[in-house]
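Each chain gets a letter, A, B and so on, in the order its sequence line appears, and its residues count up from 1. Hydrogens, waters and symmetry mates are skipped; everything else that's a heavy atom, side chains included, is used.
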Protein chains: 2
Amino acid sequence: MTSGTRELTATAYVVLGMIAQLGVTTPYAVKRELRRSIGQYWPIPHAQLYAISGQLQEQGLLEGVQETSGRRRKTYRVTEAGRAALSEWLSRPGTEPGEIRSVAWLKLAFCDLAEPAAITQLAAEQVELHKDRIACRHPVKDHASQLALELDRAALRFWTSLAQRTAL
Amino acid sequence: MTSGTRELTATAYVVLGMIAQLGVTTPYAVKRELRRSIGQYWPIPHAQLYAISGQLQEQGLLEGVQETSGRRRKTYRVTEAGRAALSEWLSRPGTEPGEIRSVAWLKLAFCDLAEPAAITQLAAEQVELHKDRIACRHPVKDHASQLALELDRAALRFWTSLAQRTAL
DNA sequence: ACCGTCATGTAATCGGTTACATGATTCT
DNA sequence: AGAATCATGTAACCGATTACATGACGGT
């Protein structure tokens, strides 16, 4: 039991949480599932899934079994300690501010350095992008995608209005 | 002229853009200015400002002068190549999706693994957080903070409603 | 039998974070 | 003069990204 309680990253909690939800799985299955859900808004490259799963196992939060035949893949499931860590995280008060990781938003912050046409172009792109994301997510099932939807809608309103104002 | 045109990161463009806006400055001044503006939504630790400024200079996008007295600080200004790189970036079409880097949102995605009280607590925290951010930014000057404001407002609406629904 | 895609990883690199260190100013 | 804070960096570490590699499986 090498339960070194190093503080986990948010990404690690995602992996832990996904495995908790899926039961007994492999990093590959996590990857597939991520693509369908939070992966669109919080991407995790698959190389990280393998690395993080390994670390979580070393810390005793996951239990891993290596197949000996066929694909020789490694399946994981969460331990009691893992479940405890997850629920501690979920109920821990957190005041991290929440960021806007959008290149389009950055460009907007520097639009005084650009030609006016560039901003119109940017706005038009963003309108399409948010429309697509809104369209391909109906209907909404859980709270998380509900919030994502609301944010996409707000962004769509903004960029639409900006596109109109700058097109004049 | 070692203009190796390696592709820059978004963060590097922020540094380049800030120096372009500020004229002749130091990384420290950039840090101060960042705290007032995009830094709230796209944080950059000050160690990166020094590292990136150095790299941008090596690539010929910045010109740097080292003071020899007093604070011995290094001041930078953008070169013509730098200005060109910036405006190329600003007008380059980009379809990067834009992410939601919010731990609260992640927790929401796993709230089926948590006790019901935790989600109410989470919502209450987020309501306060977004209220604060909205309050401390009035009035809004530029497009970028306008968008940030709209996103904060949408999030506030969502968390408020969620807090009410789960408090029952 | 072969080819393409699915599945499962490892390795190298690089950007970002945290911690440390130190000299300059300013305040009392 | 001494303390506190401002200002300016460097160094070590670690997580994330990109690239590479390869074996299994399914279809034709």
* Asked: Using a heavy-atom distance cut-off of less than 4.0 Å, which residues of residues 33-53 of chain B contact DNA chain C?
  -> Pro45(B), Ala47(B), Gln48(B)
How close or far is atom [atom2] of [N] from atom [atom1] of [X], stated in whole angstroms?
X	N	atom1	atom2	value
Glu58(B)	dC14(C)	CD	P	13 Å
Arg101(B)	dT17(C)	CZ	C1'	15 Å
Gln55(B)	dC14(C)	CD	C1'	9 Å
Gln66(B)	dA7(D)	CD	P	18 Å
Lys31(B)	dT17(C)	NZ	P	15 Å

* To do: Decide if atom CD of Glu88(B) counts as having more than 12 heavy atoms of other residues, nucleotides or ligands within a radius under 6.0 Å.
  => yes
* Between Ser161(B) and Arg165(B), does a side chain to side chain donor-acceptor pair (under 3.5 Å) hold up when you go through it step by step? -> CA-CA 6 Å; Ser161(B) 146; Arg165(B) 276 179 286 156; 3.0 Å; yes
* Asked: What is the distance from atom CD of Gln59(B) to atom CG of Leu16(B), rounded to the nearest 0.5 Å?
  -> 10.0 Å
* Structure fact -> Here the gap from Glu150(A) atom CD to Trp159(B) atom CH2, rounded to the nearest 0.5 Å, amounts to 12.5 Å
* Selected nucleotide, minimal atom distance to Arg32(B) side chain, candidates dA7(D), dA7(C), dG15(D) -> dA7(D)
* Structure fact -> Of the listed dA7(C), dA7(D), dG9(D), the closest approach to the Tyr28(B) side chain comes from dA7(D)
* To do: Would you tell me if any nitrogen or oxygen in the side chain of Arg73(B) comes within less than 4.0 Å of OP1 or OP2 on dT8(D)?
  => yes
* Output yes when at least one side-chain N/O atom of Thr11(A) is less than 4.0 Å from OP1 or OP2 of dG15(D), else no. => no
* **Exam field: side chain Lys107(B) to backbone Ile119(B), donor-acceptor pair closer than 3.5 Å** => no
* N/O donor-acceptor pair under 3.5 Å between Thr79(B) side chain and Gly60(B) backbone -> yes
